[in-house]
Amino acid sequence: MSIACESTSIMSMSRPPTYIRVVLANRPETFIDPDTFIIETKALGDLQPSDTHVAVRVDYISLDPAMRGWINEKESYVSPVEIGETMRAFGIGTVVKVKEGKSDGLKVGDVVKGQMGWTEYNLLRESELMKLSIQRGLDAVDYLGPLGHPGFTAYFGLLDVGKIKAGETLLVSGAAGAVGSLVCQIGKLKGCRVIAIAGSQEKCDWLEKELGVDKALNYKDEDFYEKCKGIMAASGPRADAGGWDVYFDNVGGDVSDFMLTRMRRGARVALCGIISQYNTTKPTGLTSYMNLISMRAKIEGFLVMDYAARFAEAEREMAQWILEGKLKRKFHIVEGLAKAPESINLLFTGGNTGKLIVKVSRGEERHL
Ligand SMILES: NC(=O)c1ccc[n+]([C@@H]2O[C@H](COP(=O)([O-])OP(=O)(O)OC[C@H]3O[C@@H](n4cnc5c(N)ncnc54)[C@H](OP(=O)(O)O)[C@@H]3O)[C@@H](O)[C@H]2O)c1
């Protein structure tokens, strides 16, 4: 596992009875800016556990591209975060207080995962938390990466939606990110030729040299489309013509539009995300979709949440691959909750490689 840590200053820790949380202040039109969130200081003593709720110290939160959609006013697959509400985030925490005399359920010291929010402490419904038993060789942050939503997205998106088969050519956009880097590796494990697309030479080198993809291309290179044409000679009606069989698309936009002209017969697009469009008010559409007809191909969108009943299956297999040294994971960890609002834009500028996480707690004791 490789971890890149950004050392940052964090707010003063000198007042033990308080904690900070980050709330939504304004809905941005395009990129998240300094006015989007504000930091509030709250009294720790307000977080008193009950029969149904436990007090949790938040240790890590996941930063995800979907968060950009959650702060839009429009309802999508989840309700929008309201102005004045703590920003929603999945994370890992430690139970620090349960109701006195309560003998069943979670205990102080249990490590849990669930909707933590952008806050240092939270009072959370016990039934919505999952206790983690971290196996030797694995780490808590793995449950926000390969053993969490990014991992499940890669696993079900590629195997269930993309229906990848050995010997096929897999094309992956956003390939050096949390989901994409796992998709590339699962593709190799399944015996595919993998072509990866990412936004820098450094990322391409990592994909080829560390993750073992067959070819990585930088979509910011001037000759990117020329290189693509060379690697994926124009597709034709023959099933064995150049091109890709499965395109795991994380980015949408111009890159994906071009890729639709390079598919093989019977091709499948597992439409995971369109990050190139998340900060625009009017996403641009695809124009090359007519090729889907002649290629008898399909584009299928999916949401990882629909696979919730099968998460354990993916977790088991991904954990096995990690423990056998077949699946590499990389984390970009930012230190300090106060850094979350500016760090989320790393996802949209390409500043992250691997899974972007905020380390919220320093593991210190603050008494409720
Ligand atoms: N369908 C689902 O259930 C589901 C679940 C989880 C995630 N997702 C989607 O999966 C995708 C990847 O998510 P992630 O968490 O793994 O994020 P990520 O890939 O770790 O980070 C986002 C990456 O996207 C790339 N990017 C940003 N703007 C771009 C642009 N304009 N054009 C091309 N690439 C751009 C950047 O890499 P470069 O340096 O390469 O540009 C950036 O590092 C997102 O679209 C997300 O919404 C979907």
Side-chain angles (χ1 to χ4, degrees), residues 151-175 177 179-198 207-208 211-217 219 224-277 283-304 306-307 310 313-314 317-318 321:
F152 305 154
T153 304
Y155 186 92
F156 292 111
L158 185 60
L159 304 182
D160 210 75
V161 182
K163 296 189 170 45
I164 193 84
K165 294 192 279 292
E168 288 189 322
T169 295
L170 167 66
L171 175 69
V172 185
S173 61
V179 174
S181 59
L182 296 168
V183 174
C184 289
Q185 295 181 81
I186 299 172
K188 288 308 298 175
L189 283 167
K190 295 291 174 186
C192 299
R193 174 180 177 237
V194 178
I195 301 172
I197 303 167
L207 285 160
E208 286 184 359
L211 302 194
V213 305
D214 297 275
K215 187 70 196 169
L217 297 165
Y219 70 92
F224 168 70
Y225 290 107
E226 282 312 307
K227 282 181 184 156
C228 285
K229 285 175 190 167
I231 287 164
M232 292 178 283
S235 53
R238 282 177 27 235
D240 62 348
W244 49 266
D245 299 288
V246 173
Y247 177 27
F248 193 104
D249 190 11
N250 286 311
V251 308
D254 291 345
V255 169
S256 298
D257 204 22
F258 171 81
M259 291 308 169
L260 290 186
T261 67
R262 292 292 180 277
M263 65 177 106
R264 285 179 174 167
R265 188 167 166 167
R268 289 88 69 199
V269 179
L271 184 57
C272 178
I274 53 165
I275 197 167
S276 69
Q277 308 297 311
T284 52
L286 299 173
T287 58
S288 309
Y289 57 83
M290 209 161 84
N291 291 323
L292 293 165
I293 302 169
S294 52
M295 290 296 135
R296 287 79 156 176
K298 69 173 175 186
I299 300 183
E300 185 176 346
F302 68 96
L303 271 180
V304 68
D306 295 341
Y307 289 92
R310 294 177 57 194
E313 172 194 328
E317 188 157 25
M318 302 281 274
W321 284 334

Fill in: Candidate pair L260 and M295, rule side chain to side chain contact (heavy atoms under 4.5 Å, CB included), full reasoning
CA-CA 10 Å; L260 290 186; M295 290 296 135; over 6 Å; no
Worksheet item: What's the verdict on side chain to side chain contact (heavy atoms under 4.5 Å, CB included) for V194 and L211, showing C-alpha distance, side-chain angles and the deciding distance?
Response: CA-CA 10 Å; V194 178; L211 302 194; over 6 Å; no
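Listed by chain and number, the residues in a side-chain hydrogen bond (donor to acceptor under 3.5 Å, both in side chains) with D257 are T287, S288 (sequence neighbours excluded). Every side-chain hydrogen bond (donor to acceptor under 3.5 Å, both in side chains) that K188 has, sequence neighbours left out, goes to D214. The ring pair (Phe, Tyr, Trp, His ring centres under 6.0 Å) search around Y225 returns F258, not counting sequence neighbours. With sequence neighbours excluded, the residues that form a side-chain contact (heavy atoms from CB on, under 4.5 Å) with Y247 are L171, S173, W244, D249, V251, V255, S256, M259, V269. Partners of A216 under the side-chain contact (heavy atoms from CB on, under 4.5 Å) rule, at least two apart in sequence or in another chain, are A196, C204, L207, E208, V213. Remark: K227 pairs with D221, D223 by the salt bridge (Lys or Arg N to Asp or Glu O under 4.0 Å) rule, at least two apart or across chains. Judged as a side-chain contact (heavy atoms from CB on, under 4.5 Å), and not counting sequence neighbours, the contacts of T284 are Q277. Every residue meeting the side-chain contact (heavy atoms from CB on, under 4.5 Å) condition with E313, not counting sequence neighbours, appears here in chain and number order: Y155, F156, R310, R316. Checked against ring pair (Phe, Tyr, Trp, His ring centres under 6.0 Å), Y219 has no partners two or more places apart in sequence or in another chain.
Considering CG of D160 and CZ of F152, their distance stands at 14.5 Å, rounded to 0.5 Å. For the atom pair CD1 of I164 and CD1 of I186, the computed distance is 10.5 Å after rounding to the nearest 0.5 Å. Rounding to the nearest 0.5 Å gives a distance of 8.5 Å between CD of E317 and CG of L189. Separation of atoms NZ (K215) and SG (C228) is listed at 10.5 Å; rounding is to 0.5 Å. Interatomic distance, CG of L292 versus CD1 of I299, reported as 4.5 Å (0.5 Å rounding).
Proximity of K165 to D245: side-chain heavy atoms (C-beta onward) are nowhere separated by under 4.5 Å. Residues T153 and Y307 fail the side-chain proximity criterion, which asks for heavy atoms closer than 4.5 Å. Taking the side chain as every heavy atom from C-beta outward, R262 and K229 approach each other to under 4.5 Å.
A salt bridge links R268 and E168; the closest N-O separation between the charged side-chain nitrogens and carboxylate oxygens is under 4.0 Å.
The shortest non-hydrogen separation linking V183 to A154 is CG2-CB, 3.5 Å. Contact between C272 and N250 at its shortest, heavy atoms only, is SG-OD1, 3.3 Å.
The number of heavy atoms from other shown groups lying within 6.0 Å of CG (D254) does not exceed 12.
Across V172, L170, V179, a single residue satisfies side-chain contact (heavy atoms from CB on, under 4.5 Å) together with C184, and that is V172.
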